[in-house]
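Read the structure below first, then the notes.
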Amino acid sequence: ARAEIVVIGGGYGGATAAKYLSLFSNHQARVTLIEPDDKFVSCPLSNLVIGGSQSLGDLTRSYNDLTKQHGIKLIKDYASAIDPVKKTIKLKSGNTLRYDKLVLSPGVSMMWDSIQGLTQANASGATLQAWKAGPETDRLHKQIAAMRDGGVFALSIPEAPYRCPPGPYERVCQVASYLKQHKPKSKIVVLDANQDIVSKGALFKKAWAELYPGMIEYMPSHNVVAVDSKTKTLKFDIQDDVKADVLNVLPSMRAGDIASQTGLANASKRWVYVDFLTFESTAAKNIHVIGDATQNAQLMPKSGHMANQHAKVAAAAIVAELNDWPVAPAPLLTNTCYSFVDAKRVVHVASVHAYDAKDKTFKVVPGSGGLSPEPTALEGTYAWSWARNIWSDMLA
Ligand code: FAD
């Protein structure tokens, strides 16, 4: 019988894995993709929706080609439990699936309990995250659009690692770009649990000073411990409270719930250790974990681009194993993260990561990659090309 391959999660990692499992096996593998959402909505570029220059529709794509062109069976459901011994998956609908090989790309879950009062604050709409693109992205834009001129937008950033290292700082640029045009007396307060900007720091600081002078206050080493919904106040370990009109609170993150429920989150109880040649979890045979949920190798960001690259290595290894072929000995991954400093101009950071057989991990290739010298509109067109190309690579 043909092997049953199941992929959980139709995001950057999972959709790519499903497509490449089908391609690498010459459409011979039986691939099932489980995803609760009707359509794919991209987190990359979603800060532009918050800044008001794009709509969510511009970032939404269909799963139709995966089923029609690549023969993947799409099940609109949520995996609620995995039994790694029986090799079964229980779905929220009540159905059970069997697998020979499982790919898990569930993204991140927020650690709600890491900030006192956050669960209640979210329930009342006093705080939002918008760290998975969708309805919350629109809601956050609407809250900013409804803010008085002269109001304060506060964004809190958790200690790294978290999904998308430059993402929060790009969001600051987008909110600033909107406020500069529509509510110029307003202020942005950035409360960063890290000691400094985690990615592209010098480029962001220069862009903030030149494009949005006097608007952005950056406060490093500010770790939010509690939020008061009634007074819209953030509380810290040591520093004074900060009150704001719109609160965008990003708590610490960990691997998506299904990974921890299955006992796979064996790195600091948050992320999943994998064998980097195959992306098989070190905690369970035949379960390959990719994307944000994994414990990063050296300087590997939690990015959509990286999840797409993990997916191809995992898909190739699975198809090789099922056919008794040798697993590719030296995978090479690339990453580029673009950030919009306003509606059009962009900066990037790029890197190349090679497998090191001796240390069994990926290491940055010395001299590879780098940073933009300055924001340009030409890089803005590259950023859109990157997005359209990667969406096609995953979904078409
Ligand atoms: P996701 O893409 O989140 O996919 C996870 C999927 O799994 C989701 O569709 C979810 O519905 C599904 N799922 C979860 N649990 C289950 C379950 N139990 N059963 C079934 N389905 C499940 N990256 C870049 O490369 N470039 C950028 O410019 C960039 N910008 C970003 C900007 C923002 C504002 C944000 C928030 C992120 C950005 N990222 C960027 C990061 C990027 O979005 C993530 O790194 C990427 O989505 C990770 O892919 P993933 O497959 O691990 O998770």
Side-chain angles (χ1 to χ4, degrees), residues 6-18 32-51 59 63 74-82 89-93 97 102-110 129-134 136-137 140 155 161-174 199-200 248 250 253 255-262 271-272 279 289-294 296 300-311 314 334-340 346-351 382-384 386-387 390-391 394:
V6 179
V7 179
I8 296 179
Y12 272 86
T16 310
T32 302
L33 174 63
I34 306 167
E35 166 61 48
D37 291 345
D38 289 319
K39 290 189 170 164
F40 167 79
V41 186
S42 175
C43 284
L45 300 175
S46 68
N47 282 327
L48 296 179
V49 177
I50 293 166
L59 316 179
Y63 288 116
L74 181 65
I75 300 183
K76 184 178 147 56
D77 211 325
Y78 184 83
S80 47
I82 298 167
I89 303 155
K90 202 163 175 7
L91 301 179
K92 207 174 165 189
S93 62
L97 292 181
L102 175 59
V103 178
L104 201 57
S105 194
V108 291
S109 288
M110 302 288 149
Q129 283 73 44
W131 216 240
K132 173 170 165 78
E136 267 207 24
T137 313
L140 184 57
L155 171 67
Y162 56 83
R163 159 173 287 185
C164 193
Y169 312 103
E170 178 191 56
R171 178 164 294 181
V172 170
C173 297
Q174 289 306 309
S199 174
K200 296 180 251 194
N248 188 187
L250 301 177
M253 296 171 204
D257 288 338
I258 188 71
S260 26
Q261 284 162 14
T262 314
W271 311 107
V272 180
F279 283 84
V289 184
I290 57 174
D292 287 358
T294 57
N296 304 341
M300 197 182 256
K302 294 194 183 299
S303 74
H305 199 151
M306 251 315 145
N308 166 278
Q309 303 272 292
H310 292 176
T334 60
N335 186 76
T336 308
C337 281
Y338 293 99
S339 299
F340 282 77
V346 163
V347 289
H348 80 266
V349 57
S351 50
Y382 294 162
W384 275 102
W386 171 88
I390 202 163
W391 297 339
M394 296 162 62

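Remember, it's 1-based here, ligands and their atoms both numbered in the order they're listed.
Between the side chain of Gln129 and the backbone N or O of Leu250, no donor-acceptor pair lies under 3.5 Å. A donor-acceptor contact shorter than 3.5 Å is absent between the side chain of Thr32 and the backbone of Val6. Side chain of Lys302 to main chain of Cys164: no donor-acceptor pair is present (N/O by atom type, distance under 3.5 Å, no hydrogens or angles). Between the side chain of Asn335 and the backbone N or O of Ala350, no donor-acceptor pair lies under 3.5 Å. Judged purely by atom type and a 3.5 angstrom limit, Tyr162 uses its side chain to pair as donor or acceptor with the backbone of Pro165.
Of all protein heavy atoms, the one lying nearest to atom 53 (O) of ligand 1 is Arg163 NH2, 3.2 Å. Among all non-hydrogen protein atoms, the one lying nearest atom 21 (N) of ligand 1 is Pro36 CD, 3.2 Å. At the top of the distance list for atom 32 (C) of ligand 1, counting protein heavy atoms only, stands Cys43 O, 3.5 Å. Closest protein heavy atom to atom 17 (C) of ligand 1: Tyr78 CE1, 3.3 Å. Annotation: atom 23 (N) of ligand 1 to nearest protein heavy atom, Gly304 N, 2.9 Å. From the protein, the heavy atom lying nearest to atom 19 (N) of ligand 1 is Ala79 N, 2.9 Å. When hydrogens are left out, the protein atom nearest atom 29 (C) of ligand 1 is Pro44 CG, 3.4 Å; that is the closest non-hydrogen contact. Protein heavy atom closest to atom 14 (C) of ligand 1, with residue, atom name and distance, is Pro106 O, 3.4 Å.
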Apply side-chain contact (heavy atoms from CB on, under 4.5 Å) to the pair Ile82 and Leu104, showing each step before the final yes or no. CA-CA 10 Å; Ile82 298 167; Leu104 201 57; 4.0 Å; yes
Show your reasoning for whether side-chain contact (heavy atoms from CB on, under 4.5 Å) applies to Trp271 and Val108. CA-CA 9 Å; Trp271 311 107; Val108 291; 3.9 Å; yes
Could you go through Arg171 and Trp131, starting from their C-alpha distance and side-chain angles, then the distance that decides it, and tell me whether this counts as side-chain contact (heavy atoms from CB on, under 4.5 Å)? CA-CA 11 Å; Arg171 178 164 294 181; Trp131 216 240; 3.5 Å; yes
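Set against the non-hydrogen atoms of Ile34, the atoms of ligand 1 under 4.0 Å away are 20 (C), 21 (N). Atoms of ligand 1 lying under 4.0 Å from any heavy atom of Glu35, numbered from 1 in the order shown and given with element: 6 (C), 7 (O), 8 (C), 9 (O), 10 (C), 11 (O), 12 (C). Every atom of ligand 1 is numbered from 1 in the order shown, and the set under 4.0 Å from a heavy atom of Ser105 is 4 (O), 5 (C), 6 (C), 7 (O), 50 (P), 51 (O), 52 (O). When each atom of ligand 1 is checked for a heavy atom of Ile8 under 4.0 Å away, the hits are 17 (C), 19 (N), 20 (C). Each of the atoms 5 (C), 52 (O), 53 (O) of ligand 1 lies under 4.0 Å from some heavy atom of Gly107. Interface atoms of ligand 1 facing Arg171, defined by a heavy-atom separation under 4.0 Å, are 34 (C). Within ligand 1, counting atoms from 1 as listed, the ones closer than 4.0 Å to a heavy atom of Gly9 are 6 (C), 7 (O), 12 (C), 21 (N). Using a 4.0 Å cut-off to heavy atoms of Asp292, the atoms of ligand 1 that qualify are 44 (C), 45 (O), 46 (C), 48 (C), 52 (O).
Checking only distances, Asn47 never comes within under 3.5 Å of ligand 1, N or O to N or O. In terms of polar-atom proximity, Asp77 is not counted as a contact of ligand 1, lacking any N or O under 3.5 Å from an N or O of the ligand. At least one N/O-N/O distance between Tyr12 and ligand 1 falls below 3.5 Å. Remark: ligand 1 and Ala307 share no N or O pair separated by less than 3.5 Å (distance only, no angle test). Annotation: Leu45 places no N or O atom under 3.5 Å from an N or O atom of ligand 1; distance criterion only. Between Ser46 and ligand 1, a contact under 3.5 Å exists for no N or O pair. Backbone and side-chain nitrogen or oxygen atoms of Gly13 are examined, and one is located within less than 3.5 angstrom of a nitrogen or oxygen of ligand 1.
By the 4.0 Å heavy-atom criterion, Ala293 is excluded from the residues contacting ligand 1. Gly167 does not count as a contact of ligand 1, since none of its heavy atoms falls under 4.0 Å from the ligand.
Residue Trp386 touches ligand 1 through its side chain alone, judged by heavy-atom distances below 4.0 Å. Here Lys132 has side-chain heavy atoms under 4.0 Å from ligand 1, and that is the only part of it that gets that close. Within the 4.0 Å heavy-atom criterion, the part of Lys302 lying near ligand 1 is the backbone and not the side chain. By the criterion of a heavy-atom distance under 4.0 Å, the backbone of Tyr338, and not its side chain, is placed next to ligand 1.
Scanning for ring pair (Phe, Tyr, Trp, His ring centres under 6.0 Å) contacts around Phe279 gives Phe276, His310, with sequence neighbours left out.
The two residues Thr294 and Val289 have their closest heavy-atom pair at CG2-O, 3.2 Å. Taking every heavy atom of both residues into account, Gly14 and Val7 meet most closely at O-CG1, 3.4 Å. Between Pro166 and Cys337, the shortest heavy-atom contact is CG-CB, 4.2 Å. Across every non-hydrogen atom of Arg163 and Cys43, the tightest pair is NH1-SG, 3.8 Å. Taking each heavy atom of Trp384 and Leu48 in turn, the nearest pair found is CZ2-CD1, 3.9 Å. Contact record, Gly256 with Ser109: CA-OG, 3.3 Å, taken as the closest heavy-atom pair.
Note: Trp386 and Tyr12 have parallel aromatic rings, judged against thresholds of 30 and 60 degrees for the angle between ring planes.
Rounding to the nearest 0.5 angstrom, the gap separating the OG1 atom in Thr262 from the CD1 atom in Ile8 is 7.5 Å.
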